[in-house]
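Just so it is clear, the structure is predicted and the values come from calculations on it, not from any experiment.
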Amino acid sequence: MAELIYTINGIFSTDIAESCLVEYNATKYHIAAYQRGYKWASDKDGAVTILLNDLLDAFHSFEKKEKKEYYLQYITLKKNIENRYLEVIDGQQRLTTLSILLSIISLKLNINNVATNKLDYAIRANFFEQYIYNSDNLKYILSLEWNNDKGLVISDSEIINNQDVFYLFNAAKKIYAFCSKDDVKLGPFYHYVLNNVKIIVNAVDHISSEKVFSNLNSNKVPLTEAELIKGLLLTKFSRLQNNDANKKKFREILEMRMSLGRNWDEITRWSNQPQVNSFFFKQEEGMQSMLHLVALNLDYKPIAKTNANHYPLFNFYHKYGKTDTVYKELLKIHAILNDWFSNNTTYNLLGFLFFAKGSGRRIQDFLAEFSMKKSQLHNKLLSDVRSLIPKDIEYLSYNNKQDDEIHRVLLALNVFSSDSSKRFNYHRFIVEKWTLEHIFPQTPEGKGKVLEEKDKQEIRKMLGDIITPQINKVLNQEKRTKEEREIYETALQESKSLNSIGNMCLLTNKDNISNGCGFFDEKRSNILARVRKGSFVPKHTFDVFSKMVLEKNTGDFERWTNDNIENHTLSIVSAINELEFIK
């Protein structure tokens, strides 16, 4: 079995070197009599409509420079040497629809049709030759309507009333209407379909799979490494054994390959789900990350790419060769990760190790844990989490560059609540960029704010013994220049209370920006607005701005005071010590 990727132009044209027909010394594609007829529907939810809309969406993404290529499903071909054609085993519906599309676009643009006579039906051959590939006749039948009683009335002497012709005719009408729409820039769309839409071809019988990938580094077929590996595995999967007695029947091989393809697609969808992807793969391409993980579990030693055409992971799989082992390992790791993601306890523990500042852990660091029983895994994860919780929490200070330790403590309070079954939303936490924020502002007069008298009182309390006559003088003024603000702000930022863990919480990057240098009441309003909208807010952050974390001296809801900071520090220490796994 062999496999290669071709553009649509490379599928139909025989005038270019990268042509499927040329490379296999064939002149056309043949749809054998045993194949069922063409049955793609053209109604709103039909396969023809879906294909056209998918191609148009891909073209629009290309115009926006979001995505260069679009891949259609595989087609499987078998070479007939005697008759010089490629027999279409799987994919005739796609090839037929594409052939009609190219014929109609060529008609509308008045250009040569690369698909002419490239598709040969054992039955209905005359219909394609006469009414699809002949531009004059194609134009004529597009002016007709299907007669529900008689069928396609071409003339008084010629009436065609077959099910497959019914679908072919309706596909042609649908495609013609599609190509006539104002939002389809037909020339550029045609160029995109020819050169950027691609099909992976599986060719059966006596063709070395090594030849398929001989042009890998020639930049002839630019595609992702994951797509290349998929092609490699599908090509080699369940390939014939040297011992004739052990050879599998072709149909059995084809079914097994189709099974791999279905499982591949399922794992791809799973690994690219936003919540799964951000959790395990840090928003990198899901299947590429899964394949990297599988390779590591098979003793792959990662090496850096040396250029755009260097595929080290593909080369590993190509040399490894044990496709059945790779496939089983992929299924196993998918099952393990899915189980970990679905179990709230495992999910919470793993997520903390992934996203706590300074942890630096990624899923590939847990290869040894793949074989652990769940109880062993939880004990190991608990131990790892415990090691990240700093000692002497009450002495942590942002000013001493202990922000990673502070972040880990606050994240632990949000993740490991008294209800161990509650699931923390790591996806929203990462995507919304929840980071450390001072509750009492570091620069109270930033963004044009002017201090009120109660603000000045809290600043004096915050400074305590380090306040100077110069600072007092500056604070007593109604307004301050930039230089005057820096006098008290410099002292404030060096104060113990301001940078204490008791003056820290987690806020989104967006809220940090919108809060600016606001005081407690402004930040509290933002948090409450998020809660009212049903947005994600970590529990500890909510408790801070409702002052539920404070057992005494709560004061009002306008300001976060020095007393609040001290009380909050004690509350954090108490809450951490109450976590079961810390004891």
E266: partners by side-chain hydrogen bond (donor to acceptor under 3.5 Å, both in side chains), with sequence neighbours left out
none
On a heavy-atom basis, the closest approach of L337 and M290 is CD1-SD, 3.8 Å
Would you kindly say whether N297 and E329 are connected by a side-chain donor-acceptor distance under 3.5 Å?
yes
Are T541 and W434 packed together at the side-chain level, in the sense that at least one heavy-atom pair is separated by less than 4.5 angstrom?
yes
Any side-chain heavy atom of L186 sitting closer than 4.5 Å to one from I105?
yes
Apply ring-ring contact (aromatic ring centres under 6.0 Å, His included) to residues Y29 and Y85 and explain how you reach the verdict.
CA-CA 6 Å; Y29 301 97; Y85 62 62; over 10 Å; no
Are the side chains of L350 and F366 in touch, meaning some heavy atoms are under 4.5 Å apart?
yes
Residues passing the side-chain hydrogen bond (donor to acceptor under 3.5 Å, both in side chains) test with Y133, sequence neighbours excluded, are S99
Would you check, one step at a time, whether the test side chain to side chain contact (heavy atoms under 4.5 Å, CB included) holds for Y70 with D57?
CA-CA 10 Å; Y70 181 74; D57 288 342; over 6 Å; no
Check L330 against I267 and note the closest heavy-atom contact, atom names and distance.
CG-CD1, 3.7 Å
Between Y192 and E63, does the side-chain hydrogen bond (donor to acceptor under 3.5 Å, both in side chains) criterion hold? Intermediate values first, please.
CA-CA 10 Å; Y192 173 80; E63 284 186 309; over 6 Å; no
Those residues at least two apart in sequence (or on a different chain) that pass side-chain hydrogen bond (donor to acceptor under 3.5 Å, both in side chains) with N113 are S103, T116
Spell out, as yes or no, whether a donor-acceptor pair under 3.5 Å connects the side chain of E82 to the backbone of R84.
no
To the nearest 0.5 Å, how far apart are NZ in K150 and CG in N161?
11.0 Å
Report yes or no: does S143 contribute a side-chain atom to a donor-acceptor pair with the main-chain N or O of Y140 at less than 3.5 Å?
yes
Any N196 side-chain heavy atom under 4.5 Å of K68 side chain:
yes
Are the side chains of S271 and F280 in contact, using a 4.5 Å heavy-atom criterion?
no
Is the backbone of L86 close enough, under 3.5 Å, to the side chain of K79 for a donor and an acceptor to pair up by distance?
no
Do any N or O atoms from the side chain of N272 and from the backbone of G286 form a donor-acceptor pair under 3.5 angstrom?
yes
Residues R362 and K282: closest non-hydrogen pair is NH2-CG, 3.6 Å
Indicate yes or no for a side-chain donor-acceptor contact from T346 to the backbone of W340 under 3.5 Å, with no hydrogens or angles considered.
no
Taking atom CG of L296 and atom CZ of F370, what is their separation to the nearest 0.5 Å?
9.0 Å
Got a sec, which pairs hit side chain to side chain donor-acceptor pair (under 3.5 Å) with one end in residues 286-295, sequence neighbours left out?
E225-Q288
Between Y6 and S19, does any side-chain donor sit less than 3.5 Å from a side-chain acceptor?
no
Which donor-acceptor pairs under 3.5 Å do the side chains of residues 172-181 make with protein atoms, sequence neighbours left out?
unit_1, atom_1, unit_2, atom_2, d
K173, NZ, L142, O, 2.9
K173, NZ, L144, O, 2.8
K173, NZ, E145, OE2, 3.1
S180, OG, K108, NZ, 3.2
S180, OG, Y176, O, 2.7

Heavy atoms only: give me the nearest F314-I229 pair and the separation to one decimal.
CA-CG1, 3.8 Å
Quick one: pull up CG in L101 and CG in L51 and give me the separation to the nearest 0.5 Å.
7.5 Å
Between the main-chain N or O of F429 and the side-chain N or O of K433, is there a donor-acceptor pair closer than 3.5 Å?
no
Single hit among T76, I31, I75 for side chain to side chain contact (heavy atoms under 4.5 Å, CB included) with I89:
T76
What are the two closest non-hydrogen atoms of R423 and S342, and how far apart are they?
NH1-O, 3.9 Å
Crowded around D183 CG? As in, over 12 foreign heavy atoms under 6.0 Å?
yes
When you measure from the side chain of N162 to the backbone of V165, do you find a donor-acceptor pair of N or O atoms at a distance under 3.5 Å?
no
Check I333 against L293 and note the closest heavy-atom contact, atom names and distance.
CG2-CD2, 3.9 Å
Would you call the rings of Y38 and W40 parallel, tilted or perpendicular, where under 30° means parallel and over 60° means perpendicular?
tilted
How long is the span from the CG atom in D54 to the CG atom in L72, to the nearest 0.5 Å?
8.5 Å
Are L77 and V201 packed together at the side-chain level, in the sense that at least one heavy-atom pair is separated by less than 4.5 angstrom?
yes
Just say parallel, tilted or perpendicular for the rings of F59 and F189, cut-offs at 30° and 60°.
perpendicular
Can you measure from CG (N9) to CG (L194) and round to the nearest 0.5 angstrom?
5.0 Å
Using distance alone, with no hydrogens and no angle criterion, decide if W270 and N338 have a side-chain donor and acceptor under 3.5 Å apart.
yes
What's the spacing between L168 CG and I132 CD1 if we round to 0.5 Å?
6.5 Å
Could you tell me whether the side chain of V294 reaches within less than 4.5 Å of the side chain of Y317, counting heavy atoms only?
yes
Ring centres under 6.0 angstrom apart (Y347, F354):
no
Is there side-chain contact between F316 and K301, with at least one heavy-atom pair below 4.5 Å?
no
Could you give the side-chain donor-acceptor pairs of residues 527-534 under 3.5 Å, partners two or more places apart or in another chain?
unit_1, atom_1, unit_2, atom_2, d
R530, NH2, E432, OE1, 2.7
R530, NH2, F536, O, 3.1

Can you see whether N263 engages Y327 through a side-chain donor-acceptor pair at a distance of less than 3.5 angstrom?
yes
Can any side-chain N or O of N170 pair as donor or acceptor with the backbone N or O of A41 at less than 3.5 Å?
no
Is E87 paired with K78 through a side-chain N to carboxylate O contact shorter than 4.0 Å?
no
My understanding is that only one of L95, L98, L21 makes a side chain to side chain contact (heavy atoms under 4.5 Å, CB included) with I11; could you say which?
L95
